[in-house]
Amino acid sequence: DYFLLCIQIDQKDLNYYAYNKYYYRAYNDLGLIYITVYKDVEKAKDYIKEAAFAEYPFGQNNYGLINEFYLNDLEKAEYMYKRSSEHHFALAEFNLARIKERNGKVEESIEYYLRASEDEDLPLMFRNMVSFDNRLEYSKAFIICYTNLKLAKYYLEKSNIEDAKKYFNRSIS
């Protein structure tokens with residue numbers, strides 16, 4: 001209900017000095033509710049698309065996920081992950097790595113896994129403001145742990161023990 005109220009406060013309705021900084025986050029979160037609770041892909045897509053096209057990195061990544069897993073549009077999914085990755089959103093970089101790896105482009109996937117690992121601690125930024133979300137942070141911790149283990153394995157297979165140790169240690173820290 002509060003997310004719906006939040007998106008009713010349209011940006012153009014506010015005076016010059018006011019700004020509804022939760023507007024696009026509310027669209028994204030509504031989309032997540034519709035996909036996970038109500039299993040309504042169409043409504044989820046519409047809400048998340050609004051956030052994604054406003055350059056909200058979390059929304060861009062989520063719109064990529066909807067395109068990949070629900071709409072089977074891998075080209076659009078990869079495009080949205082790339083847009084989100086431009087904002088140093090670690091989960092989007094992981095998703096790009098996963099797609100590259102699945103397509104047999106291992107070296108290219110490693111570059112994205114490295115970027116995801118490096119961007120792990122960067123806050124979610126949107127329009128020069130930090131946005132904190134506990135659920136996102138828990139998801140990111142799990143995914144980046146997995147990413148660092150993949151990197152440790154990769155470097156171990158390359159007999160690069162120092163980098164293997166580095167990423168293994170990052171996975172448990």
Side-chain angles (χ1 to χ4, degrees), residues 3-4 6-7 11 20-151 154 167 171:
F3 291 136
L4 288 170
C6 187
I7 66 172
Q11 306 299 2
N20 179 359
K21 67 181 180 177
Y22 301 108
Y23 186 74
Y24 293 109
R25 180 178 174 175
Y27 269 101
N28 181 70
D29 290 354
L30 276 166
L32 294 175
I33 289 168
Y34 273 98
I35 199 121
T36 58
V37 176
Y38 301 116
K39 311 294 186 226
D40 187 334
V41 175
E42 278 306 307
K43 275 194 175 180
K45 180 188 75 156
D46 291 342
Y47 282 120
I48 291 174
K49 183 178 181 179
E50 184 75 23
F53 286 13
E55 298 295 315
Y56 183 56
F58 194 10
Q60 291 171 319
N61 182 70
N62 290 335
Y63 193 58
L65 291 169
I66 286 175
N67 278 284
E68 181 178 1
F69 293 108
Y70 292 92
L71 306 177
N72 294 314
D73 189 338
L74 295 178
E75 188 176 315
K76 192 178 286 183
E78 188 171 353
Y79 173 78
M80 294 311 299
Y81 296 144
K82 284 181 182 175
R83 295 299 308 250
S84 182
S85 174
E86 291 171 6
H87 302 285
H88 300 279
F89 192 68
L91 295 181
E93 292 158 348
F94 169 81
N95 287 323
L96 286 166
R98 187 178 46 75
I99 289 173
K100 298 298 181 187
E101 184 176 25
R102 185 176 61 218
N103 292 332
K105 299 177 181 177
V106 175
E107 295 303 318
E108 201 173 337
S109 77
I110 293 301
E111 292 303 314
Y112 283 110
Y113 283 130
L114 287 167
R115 287 177 59 179
S117 180
E118 294 303 315
D119 289 346
E120 172 187 14
D121 294 326
L122 293 179
L124 172 58
M125 295 289 295
F126 179 62
R127 297 192 176 165
N128 296 322
M129 294 183 337
V130 173
S131 180
F132 184 80
D133 183 326
N134 266 336
R135 296 164 302 169
L136 172 61
E137 293 304 314
Y138 290 134
S139 297
K140 197 165 66 168
F142 175 79
I143 295 296
I144 299 304
C145 175
Y146 177 72
T147 297
N148 286 322
L149 288 171
K150 286 187 84 55
L151 288 168
Y154 171 80
Y167 290 104
S171 74

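Computed from a prediction, not measured in an experiment: that's the story for all the values here.
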Enquirer: State the CG-NZ distance between N62 and K49, to the nearest 0.5 angstrom.
Expert: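 Spacing of CG (N62) from NZ (K49) equals 15.5 Å.
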
Enquirer: Taking C-beta and beyond as the side chain, do F94 and E120 meet within less than 4.5 Å on heavy atoms?
Expert: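 Not in contact.
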
Enquirer: Can you find a pair of side-chain heavy atoms, one from P123 and one from M125, that are under 4.5 Å apart?
Expert: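 Result yes, sub-4.5 Å side-chain heavy-atom pair found.
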
Enquirer: Taking atom OH of Y79 as the centre, report whether more than 12 heavy atoms of other residues, nucleotides or ligands fall under 6.0 Å from it.
Expert: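 Count not over threshold, so no.
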
Enquirer: Could you tell me whether the side chains of N28 and R25 share a donor-acceptor contact shorter than 3.5 Å?
Expert: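 Judged by distance alone, the side chains do not pair up.
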
Enquirer: How many angstroms lie between CG in N148 and NZ in K150, if you round to the nearest 0.5 Å?
Expert: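 The distance works out to 12.0 Å.
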
Enquirer: Would you kindly say whether Y63 and E50 are connected by a side-chain donor-acceptor distance under 3.5 Å?
Expert: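 There is no such pair between these side chains.
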
Enquirer: Could you go through E68 and D73, starting from their C-alpha distance and side-chain angles, then the distance that decides it, and tell me whether this counts as side chain to side chain contact (heavy atoms under 4.5 Å, CB included)?
Expert: CA-CA 5 Å; E68 181 178 1; D73 189 338; over 6 Å; no

Enquirer: Using ring-ring contact (aromatic ring centres under 6.0 Å, His included), reason through F58 and F89 one step at a time and then give a plain yes or no.
Expert: CA-CA 7 Å; F58 194 10; F89 192 68; 5.7 Å; yes

Enquirer: Run the salt-bridge test on D119 and K140 with the 4.0 Å N-O cut-off and return the result as yes or no.
Expert: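 Not counted as a salt bridge, because no side-chain N and carboxylate O are separated by less than 4.0 Å.
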
Enquirer: Quick check: closest heavy atoms across T36 and K39, and the distance to 0.1 Å?
Expert: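 Heavy atoms of T36 and K39 come nearest at O-NZ, 2.7 Å.
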
Enquirer: Once the angle between the rings of Y24 and F126 is folded into 0 to 90°, is it parallel (under 30°), tilted (30 to 60°) or perpendicular (over 60°)?
Expert: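 Ring orientation of Y24 relative to F126: perpendicular.
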
Enquirer: Could you tell me which non-hydrogen atom of S171 sits nearest to which non-hydrogen atom of C145, and how far apart they are?
Expert: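 Heavy atoms only, the tightest pair is O-SG, 3.3 Å.
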
Enquirer: Going through the distances and angles, do D29 and R135 end up as a salt bridge (Lys or Arg N to Asp or Glu O under 4.0 Å)?
Expert: CA-CA 11 Å; D29 290 354; R135 296 164 302 169; 3.6 Å; yes

Enquirer: Mark yes or no for whether T147, through its side chain, and I143, through its backbone, hold a donor-acceptor pair below 3.5 Å.
Expert: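 At least one qualifying donor-acceptor pair exists.
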
Enquirer: Do the non-hydrogen side-chain atoms of Y56 and S84 ever get within less than 4.5 Å of each other?
Expert: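 A side-chain contact under 4.5 Å is absent here.
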
Enquirer: Quick one: does K82's side chain get under 4.5 Å of Y112's, heavy atoms only?
Expert: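 Yes; the side chains approach each other to less than 4.5 Å.
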
Enquirer: Under a 4.0 Å N-O cut-off, is there an ion pair linking E78 with K105?
Expert: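 No.
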
Enquirer: Would you call Y167 and L114 a side-chain contact if the rule is heavy atoms closer than 4.5 Å?
Expert: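 Side-chain contact under 4.5 Å: yes.
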
Enquirer: Does a side-chain heavy-atom distance below 4.5 Å link E137 with F132?
Expert: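 SC-SC contact between E137 and F132 confirmed.
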
Enquirer: Checking D133 against L124 for the side chain to side chain contact (heavy atoms under 4.5 Å, CB included) test, could you report, in this order, the C-alpha distance in whole Å, the side-chain angles of both residues, the deciding distance, and whether it holds?
Expert: CA-CA 9 Å; D133 183 326; L124 172 58; 5.7 Å; no

Enquirer: Out of curiosity, R83 CZ to N61 CG, how far, rounded to the nearest 0.5 Å?
Expert: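 Separation between the atoms: 13.5 Å.
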
Enquirer: Inspect the contact between R127 and E55 and indicate whether a charged nitrogen and a carboxylate oxygen are less than 4.0 angstrom apart.
Expert: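 Looking at R127 together with E55, the answer is no, because their closest N to O distance does not fall below 4.0 Å.
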
Enquirer: Show the nearest heavy-atom pair for residues A44 and G31, with the distance to one decimal.
Expert: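 Taking every non-hydrogen atom into account, CB-O, 3.2 Å.
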
Enquirer: Looking only at side-chain N and O atoms, does Y81 offer a donor or acceptor that is under 3.5 Å from a partner on Q60?
Expert: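 Absent: no donor and acceptor within the cut-off.
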
Enquirer: In a check of side chain to side chain donor-acceptor pair (under 3.5 Å) between Y113 and each of E93, E108, E101, which one passes?
Expert: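 Output: one option passes, namely E101.
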
Enquirer: Could you pull out the closest heavy-atom pair between L151 and S117, with the gap in Å?
Expert: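 Scanning both residues completely, I find the closest heavy atoms to be CD1-CB, 3.9 Å.
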
Enquirer: I would like to know whether Y23 and Y27 meet ring-ring contact (aromatic ring centres under 6.0 Å, His included); could you show each step before the answer?
Expert: CA-CA 7 Å; Y23 186 74; Y27 269 101; 5.3 Å; yes

Enquirer: Quick one, I48 and L65 - any side-chain contact, counting heavy atoms below 4.5 Å?
Expert: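 Counting from C-beta outward, I48 and L65 never come under 4.5 Å.
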
Enquirer: Quiz question: by atom type and distance under 3.5 Å, do the side chains of S85 and R115 form a donor-acceptor pair?
Expert: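 R115 and S85 do have a side-chain donor-acceptor pair below 3.5 Å.
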
Enquirer: Using side chain to side chain contact (heavy atoms under 4.5 Å, CB included), reason through I35 and D40 one step at a time and then give a plain yes or no.
Expert: CA-CA 5 Å; I35 199 121; D40 187 334; over 6 Å; no

Enquirer: Kindly indicate, with the supporting measurements, whether the criterion side chain to side chain contact (heavy atoms under 4.5 Å, CB included) is fulfilled by F3 and Y22.
Expert: CA-CA 9 Å; F3 291 136; Y22 301 108; over 6 Å; no

Enquirer: Compare every heavy atom of I144 with every heavy atom of A116, then report the nearest pair and how far apart it is.
Expert: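 Scanning both residues, the minimum pair turns out to be O-CD1, 3.6 Å.
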
